[in-house]
**Q** 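Following this message is one structure expressed as structure tokens.
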Amino acid sequence: MMDNAPRAFRPRDRAWHPPAHFPDYKTSVYRSPRLPLVSLTATRSELTGPIFGHSTIRATDNDLLVNGRVDGDPIGPRMILFGRVLDEEGRPVPNVLIEIWQANAAGRYRHVNDSYLAPLDPNFWGVGRTLSEPDGSYRFRTIRPGPYPWRNRVNDWRPAHIHISLWGAALCQRLITQIYFEGDPLLPLCPIYNSIPDPAARERLVARLDMGESLPHDTLAWRFDIVLRGPRQTFFENRPEGA
Amino acid sequence: MLRELPSQTAGPYVHIGLLPAVAGIPFEPERDWGTMVGPGVRGERIRIEGTVFDGVGAPVKDAVLELWQPDAAGRFPGHDPGADPAFKGFGRVAADLSTGLFAFETVKPGRVPYPDGRWQAPHATLLIFARGINIHLHTRIYFEDEAAANAEDPVLALIEQPERRRTLLARRELRDGRVVYRFDVKIQGPEETVFFDV
């Protein structure tokens with residue numbers, strides 16, 4: 001076994017991410033540290049991470065149209081979610097564990113704590129998982145999730161979104177975020193989306209309709225490219241991560 | 001140069017994606033992400049348990065936590081030759097939805113070097129995700145009974161106030177003959193846990 005772990009990463013630009021304390025998102029007020037984070041130069045504990053092999057994944061794990069099926073197809077607009085995983089140098093990142101979860105087309109989650117009045121779909125779980133390919137590409141089939149109300153301000157609604165969790169090669173690349181949809185009128189109203197200070201950063205979370213990948217008379221496709229923190233070039237041999 | 005995607009909260013339904021069984025979904029009923037040890041694992045078997053508390057002292061019952069650590073000899077599975085094949089290195093658990101208690105079944109980690117060659121004290125890295133947490137919290141679990149190693153740990157030494165280093169020490173207890181380390185996380189307040197930016 002060889003240690004392929006990179007030796008250093010670019011610092012994380014905290015101003016690019018949402019601040020921990022963002023009062024318009026009320027829960028963040030009491031779930032955010034008040035003291036400064038302690039800055040740490042990454043050691044092996046942060047430069048390594050779990051390696052997820054193909055044994056982690058089953059054939060239908062990335063097909064949400066099928067994996068929760070009981071006696072029919074899930075209801076809602078069929079969609080393909082696809083894209084590539086790159087690092088900050090633009091190099092493809094293979095073997096990234098990509099996990100997604102989402103509400104159904106009516107905006108209801110299959111979760112013991114979701115009590116929204118919209119119906120559950122007996123044929124939809126809303127969970128999927130895949131590993132990025134050697135060229136960094138990934139693909140899911142699912143249904144387009146619906147918007148839903150949430151308890152924050154009196155009339156707050158989440159724009160349609162898919163949650164996405166990413167495990168790259170190193171712990172310090174760990175990231176969880178959300179995928180939104182181009183043209184959603186709820187986006188400018190959402191305090192969670194707006195917790196990201198830079199509009200250019202927000203835009204990065206918006207999936208784009210891609211007619212080229214859409215299947216005629218079958219399924220629309222949405223492109224969402226993923227970028228993980230990159231190894232610092234000066235310390236890193238010139239090869240794709242994980243190769 | 002590209003920039004990494006910005007973070008967003010994992011939200012209250014994070015279990016669906018990361019621990020479907022907790023949400024009530026039979027996506028992978030056979031999988032136990034919280035047990036990091038297999039038969040014949042080397043080293044001292046331990047349980048790490050605790051609760052994450054918010055700024056008003058209430059347990060964060062919807063948190064998901066991830067643990068990453070080397071084996072008992074300080075080797076990282078998948079990275080270091082000779083790493084214990086009966087040890088996974090990675091664990092993922094949900095806080096109990098009604099009490100907030102979380103627990104990992106693991107081993108006491110071995111020491112790993114700091115970049116300058118000094119030794120770090122035994123520690124595990126803990127990541128915390130939850131509704132209201134806009135970018136995951138990153139902390140380290142050290143062990144109170146490793147006083148000599150802790151005293152020379154280069155990362156603990158980065159914490160300006162020695163009083164705050166205590167927030168990273170798990171307390172050892174014996175329960176029915178088993179070793180349990182208690183590690184509570186306080187997101188705010190006078191005992192605020194040290195969180196890292198790496």
Side-chain angles (χ1 to χ4, degrees), chain A residues 1 3 5 12 14 16-20 22 25 27-28 30-35 37-46 48-51 67 86 88-90 99-101 109-114 125-127 163 165 171-172 174-178 192 195-196 201 204-205 226-229, chain B residues 1-18 20 23-25 27 54-56 60 62 68-69 76-81 83 88-90 97 112-115 120 123 125 127 129-137 140 155 158-159 187-188 192 194-198:
Chain A
M1 211 169 348
D3 186 8
R12 180 165 257 161
R14 292 268 162 182
W16 179 252
H17 292 278
F22 189 75
Y25 178 17
T27 311
S28 78
Y30 45 89
R31 291 187 170 187
S32 48
R34 286 292 174 276
L35 298 174
L37 302 178
V38 172
S39 296
L40 168 64
T41 301
T43 75
R44 288 195 35 86
S45 296
E46 296 80 28
T48 55
I51 293 172
N67 67 18
L86 306 173
E88 289 177 313
E89 304 285 346
E99 295 167 292
I100 65 169
W101 66 101
Y109 285 92
R110 186 173 286 270
H111 189 288
V112 290
N113 283 348
D114 188 2
W125 283 344
V127 53
H163 296 266
S165 164
L171 181 130
C172 65
R174 184 79 176 100
L175 190 69
I176 287 184
T177 188
Q178 300 183 26
I192 292 179
S195 68
I196 301 168
R204 298 280 303 284
L205 298 184
I226 294 164
V227 178
L228 296 180
R229 272 177 89 178
Chain B
M1 183 195 119
L2 304 173
R3 303 183 77 174
E4 72 170 329
L5 292 182
S7 175
Q8 293 271 264
T9 179
Y13 309 118
V14 53
H15 313 92
I16 298 173
L18 301 189
I25 299 173
F27 180 68
D54 70 15
V56 298
V60 178
D62 50 10
W68 172 242
Q69 63 162 84
F76 286 99
H79 297 273
D80 291 323
K88 295 180 190 164
F90 177 69
L97 295 180
V112 298
Y114 195 63
Q120 303 185 66
H123 66 274
T125 298
L127 305 180
F129 304 88
R131 174 175 64 98
I133 295 179
N134 289 330
I135 179 164
H136 59 274
L137 300 174
R140 281 181 167 205
V155 173
L158 294 171
I159 302 167
I187 299 180
Q188 294 171 13
E192 181 176 317
V194 169
F195 300 106
F196 292 100
D197 176 33
V198 179

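In what follows, every chain begins at residue 1, and chains take the letters A, B, ... in the order their sequences are listed. Computed from a predicted structure; not experimentally measured.
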**Q** Which atoms of A/Gln178 are under 4.5 Å from chain B, going by heavy atoms: the side chain, the backbone, both sets, or neither?
**A**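 Its backbone and side chain both get close to chain B.
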
**Q** Given the options B/Thr9, B/Leu137, B/Val194, B/Val56, which has more heavy-atom pairs under 4.5 Å with chain A than any of the others?
**A**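 Going by pairs under 4.5 Å, I would pick B/Thr9.
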
**Q** Only pairs of heavy atoms separated by less than 4.5 Å count here; which of A/Ser32, A/Pro19, A/Pro33 has the most with chain B?
**A**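 So the answer, after comparing A/Ser32, A/Pro19, A/Pro33, is A/Pro33.
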
**Q** Determine the minimum heavy-atom distance between B/Trp68 and A/Thr48, stating which atoms define it.
**A**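 The answer is NE1-OG1, 2.9 Å.
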
**Q** Quick check on B/Pro12 against chain A: is it the side chain, the backbone, both or neither that has a heavy atom closer than 4.5 Å?
**A**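 Contact with chain A involves the backbone of B/Pro12 alone.
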
**Q** How close do B/Gln8 and A/Ile192 get, counting heavy atoms only, and between which atoms?
**A**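 Closest heavy-atom pair between B/Gln8 and A/Ile192: NE2-O, 3.1 Å.
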
**Q** Check whether B/Ile25 gets within reach of chain A through its side chain, its backbone, both or neither, counting any heavy atom under 4.5 Å.
**A**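 Contact with chain A: side chain only.
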
**Q** Taking the side chain as every heavy atom from C-beta outward, state whether B/Leu127 and A/Leu171 have any atom pair closer than 4.5 Å.
**A**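 The answer is yes; the side chains approach within 4.5 Å.
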
**Q** May I ask you to decide if B/Glu4's main-chain N or O and A/Trp16's side chain share a donor-acceptor pair within less than 3.5 Å?
**A**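 Checked: pair present.
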
**Q** Aromatic rings B/His15 and A/His111: how do their planes relate, parallel, tilted or perpendicular, breaks at 30° and 60°?
**A**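 Rings of B/His15 and A/His111: tilted, 30 to 60°.
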
**Q** Can you tell me which portion of B/Thr125 sits under 4.5 Å from chain A's heavy atoms? Options are side chain, backbone, both or neither.
**A**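 The answer is the side chain of B/Thr125.
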
**Q** Hey, mind stepping through B/Leu18 and A/Trp101 against side chain to side chain contact (heavy atoms under 4.5 Å, CB included) and telling me if it holds?
**A** CA-CA 8 Å; B/Leu18 301 189; A/Trp101 66 101; 4.2 Å; yes

**Q** State, yes or no, whether a side-chain contact exists between B/Val14 and A/His163 at a heavy-atom distance under 4.5 Å.
**A**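 Side-chain contact under 4.5 Å: no.
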
**Q** Between B/Met1 and A/Glu88, which heavy-atom pair has the shortest distance, and what is it?
**A**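 So the two residues come closest at CG-O, 3.5 Å.
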
**Q** Considering only heavy atoms, which portion of A/Ser195 lies under 4.5 Å from any heavy atom of chain B: side chain, backbone, both, or neither?
**A**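 When you check distances to chain B, only side chain atoms of A/Ser195 fall under 4.5 Å.
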
**Q** What's the shortest heavy-atom distance between A/Ala20 and B/Asn134, and which atoms?
**A**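 Nearest heavy atoms, A/Ala20 then B/Asn134: O-ND2, 3.5 Å.
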
**Q** For the residue pair B/Phe129 and A/Arg174, what are the closest heavy atoms and their distance?
**A**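 Residues B/Phe129 and A/Arg174, closest heavy atoms: CZ-NE, 3.7 Å.
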
**Q** Which bit of A/Asn113 comes within less than 4.5 Å of chain B, counting heavy atoms only: side chain, backbone, both or neither?
**A**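 For A/Asn113, backbone and side chain are both near chain B.
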
**Q** Under a 3.5 Å threshold, yes or no: a donor from one side chain and an acceptor from the other, between A/Thr43 and B/Gln120?
**A**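 Result is yes, a qualifying pair exists.
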
**Q** Relative to chain A, which of B/Phe195, B/Phe196, B/Phe27 shows the most heavy atom pairs under 4.5 Å?
**A**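 Highest number of pairs under 4.5 Å: B/Phe27.
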
**Q** Begin from the C-alpha positions of B/Ser7 and A/Ile176 and carry the test side chain to side chain contact (heavy atoms under 4.5 Å, CB included) through to its verdict.
**A** CA-CA 6 Å; B/Ser7 175; A/Ile176 287 184; 5.7 Å; no

**Q** Could you check whether any side-chain N or O of A/Arg204 sits under 3.5 Å from a backbone N or O of B/Pro6, counting only pairs where one atom can act as donor and the other as acceptor?
**A**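 Not at all, since once roles are kept as given, no pair shorter than 3.5 Å links the two residues.
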
**Q** May I ask you to test the B/Ile135-A/Arg14 pair for a side-chain heavy-atom distance under 4.5 Å?
**A**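 They are in contact (side-chain heavy atoms under 4.5 Å apart), so the answer is yes.
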
**Q** Top residue by heavy-atom pair count (under 4.5 Å) with chain A, among B/Asp62, B/Ile133, B/Leu97, B/Ile159?
**A**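 Top option by heavy-atom pairs under 4.5 Å: B/Asp62.
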
**Q** Any heavy-atom pair between the side chains of B/Arg140 and A/Leu40 that's under 4.5 Å?
**A**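 Of all side-chain heavy-atom pairs linking B/Arg140 with A/Leu40, at least one is under 4.5 Å.
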
**Q** Can you tell which of A/Gly126, A/Pro50, A/Ser28 has the highest number of heavy-atom pairs within less than 4.5 Å of chain B?
**A**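 So the answer, after comparing A/Gly126, A/Pro50, A/Ser28, is A/Pro50.
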
**Q** Ignoring hydrogens and angles, tell me if any N or O in the side chain of B/Glu192 forms a donor-acceptor pair with the backbone of A/Arg34 under 3.5 Å.
**A**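 A pair under 3.5 Å: yes.
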
**Q** Does A/Ile51 reach the side chain of B/Phe90, with side-chain heavy atoms less than 4.5 Å apart?
**A**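 No, their side chains stay 4.5 Å or more apart.
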
**Q** Whether the side chain of B/His79 engages the backbone of A/Gly49 through a donor-acceptor N/O pair (distance < 3.5 Å, no angle test) should be reported.
**A**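 Judged by distance alone, yes, a pair lies under 3.5 Å.
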
**Q** Most heavy-atom pairs under 4.5 angstrom with chain B, which of A/Cys172, A/Ser45, A/Ala201?
**A**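 Of the candidates given, the most pairs with chain B belong to A/Ser45.
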
**Q** Select one option (side chain, backbone, both, neither) describing which atoms of B/Val198 are under 4.5 Å from chain A's heavy atoms.
**A**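 The answer is both parts of B/Val198.
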
**Q** Which pair of non-hydrogen atoms, one from B/Leu5 and one from A/Ile226, has the smallest distance, and what is that distance?
**A**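 For B/Leu5 and A/Ile226, the tightest heavy-atom pair comes out as CD1-CA, 4.0 Å.
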
